[in-house]
Amino acid sequence: MPVPIRRLFVALTLSCALLAGSVACGSGETTSTKDTRAVQAVPAADTPSPTTSAERQKFAKTRFVANAGLAAGATYQWIVKPWKAGTFKKGAKGRRTALVKAGLAGTFTYNRLKAAQRNAQGDPTLAKALAPLGAGIEALKSLPAKLRSGDAGAAGSFDDIIGKVKDAGASAGAPVKEQVPSASQLAKGS
């Protein structure tokens with residue numbers, strides 16, 4: 001059975017790439033000091049990594065505020081506001097679009113709150129303040145499906161949890177401000 005030329009070309013290209021990679025990564029004894037200094041001058045990562053516990057806590061609070069703020073913004077913009085306006089009621093104009101957006105916002109909110117919960121673990125005060133909300137945040141997992149099906153009570157649950165997360169953040173010295181995510185962030189879900 002003849003092998004198509006395309007497969008042969010791909011196989012040859014991959015073989016050459018693997019061979020070149022293994023030769024380049026080989027442990028040669030002859031390295032110049034000029035090359036070594038150049039490699040040492042290049043930083044290991046583009047983002048700074050915290051070295052002290054105080055820096056880790058600061059970054060934890062900053063990340064918590066960012067993630068919780070995005071969750072709060074998405075909840076208010078696409079769940080609470082349409083809910084208060086009555087857009088989720090049967091026969092309301094734009095109901096279907098509002099429900100789809102609310103379902104996406106619900107999934108986005110759940111993902112950002114879980115990320116905020118993980119971020120809070122880096123700061124003892126924040127972790128302690130957020131600990132009682134773990135079950136409430138986990139309960140949000142099923143609410144986007146309820147929103148899509150038209151359960152208007154789910155919107156109130158989102159609003160309550162966001163309020164509690166904001167209060168917990170404020171009590172731990174990390175006040176949360178609403179930040180409305182872009183449509184692309186909402187569509188990605190993260």
Side-chain angles (χ1 to χ4, degrees), residues 43-89 98-190:
D46 290 343
T47 58
S49 62
T51 55
T52 65
S53 62
E55 285 179 341
R56 279 192 284 277
Q57 288 177 2
K58 182 179 178 185
F59 287 141
K61 280 186 177 183
T62 303
R63 289 180 181 138
F64 167 80
V65 168
N67 283 320
L70 285 170
T75 299
Y76 180 74
Q77 183 69 29
W78 288 295
I79 298 175
V80 174
K81 209 159 113 178
W83 173 53
K84 287 182 178 179
T87 311
F88 294 150
K89 293 180 182 175
L99 287 173
V100 169
K101 286 180 182 179
L104 286 171
T107 302
F108 179 84
T109 298
Y110 173 75
N111 288 336
R112 291 300 88 209
L113 285 178
K114 290 301 280 184
Q117 195 175 24
R118 284 189 305 273
N119 297 142
Q121 299 307 315
D123 181 58
T125 309
L126 198 53
K128 190 175 184 180
L130 212 60
L133 301 178
I137 291 171
E138 196 58 40
L140 292 179
K141 189 174 188 175
S142 63
L143 290 179
K146 290 181 180 180
L147 282 170
R148 285 187 201 109
S149 68
D151 183 5
S157 298
F158 273 102
D159 196 27
D160 291 342
I161 291 295
I162 291 296
K164 290 176 183 177
V165 168
K166 283 179 161 182
D167 292 342
S171 71
V176 176
K177 296 178 185 173
E178 292 177 3
Q179 299 174 352
V180 179
S182 67
S184 63
Q185 285 176 316
L186 190 66
K188 285 184 206 174
S190 59

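Just the heavy atoms: all of them, side chains too, but no hydrogens, waters or symmetry mates, feed the values below.
Scanning for side-chain contact (heavy atoms from CB on, under 4.5 Å) contacts around K81 gives Y76, Q77, with sequence neighbours left out. With sequence neighbours excluded, the residues satisfying side-chain hydrogen bond (donor to acceptor under 3.5 Å, both in side chains) with N119 are N67. Residues that satisfy the side-chain contact (heavy atoms from CB on, under 4.5 Å) test with A172, not counting sequence neighbours, are T125, L126, A129. The salt bridge (Lys or Arg N to Asp or Glu O under 4.0 Å) search around K101 returns none, not counting sequence neighbours. Under the side-chain contact (heavy atoms from CB on, under 4.5 Å) criterion, T87 pairs with P82, A85, A98, not counting sequence neighbours.
Taking CZ of F158 as the start and CH2 of W83 as the end, the distance is 12.0 Å to the nearest 0.5 Å. Taken to the nearest 0.5 Å, the CG atom of N111 stands 8.0 Å off from the CZ atom of F108.
Pairing each heavy atom of K61 with each of G173, the nearest pair is NZ-O, 4.1 Å. The shortest heavy-atom contact between A105 and A74 is CB-O, 3.9 Å. Shortest non-hydrogen contact noted between A72 and I162 is CB-CG2, 3.6 Å. The heavy-atom pair separating A174 from V65 by the smallest distance is CB-CG2, 3.7 Å. Between L99 and F88, the shortest heavy-atom contact is CD2-CD2, 3.5 Å. Closest non-hydrogen pair, A71 versus R112, comes out as CB-CB, 3.8 Å.
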Side chains of residues 130-142: which donor-acceptor pairs under 3.5 Å do they make with residues two or more places apart or in other chains?
residue	atom	partner	partner atom	Å
E138	OE1	Y110	OH	3.4
E138	OE1	K114	NZ	2.9
E138	OE2	Y110	OH	3.1
S142	OG	A139	O	3.4

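Among residues at least two apart or in separate chains, side-chain hydrogen bond (donor to acceptor under 3.5 Å, both in side chains) pairs with a member in residues 161-176 are K166-E178.
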Audit row: I161, T109, side chain to side chain contact (heavy atoms under 4.5 Å, CB included) steps and yes/no: CA-CA 10 Å; I161 291 295; T109 298; over 6 Å; no
Step by step, would you call F64 with D123 a side chain to side chain contact (heavy atoms under 4.5 Å, CB included)? CA-CA 10 Å; F64 167 80; D123 181 58; over 6 Å; no
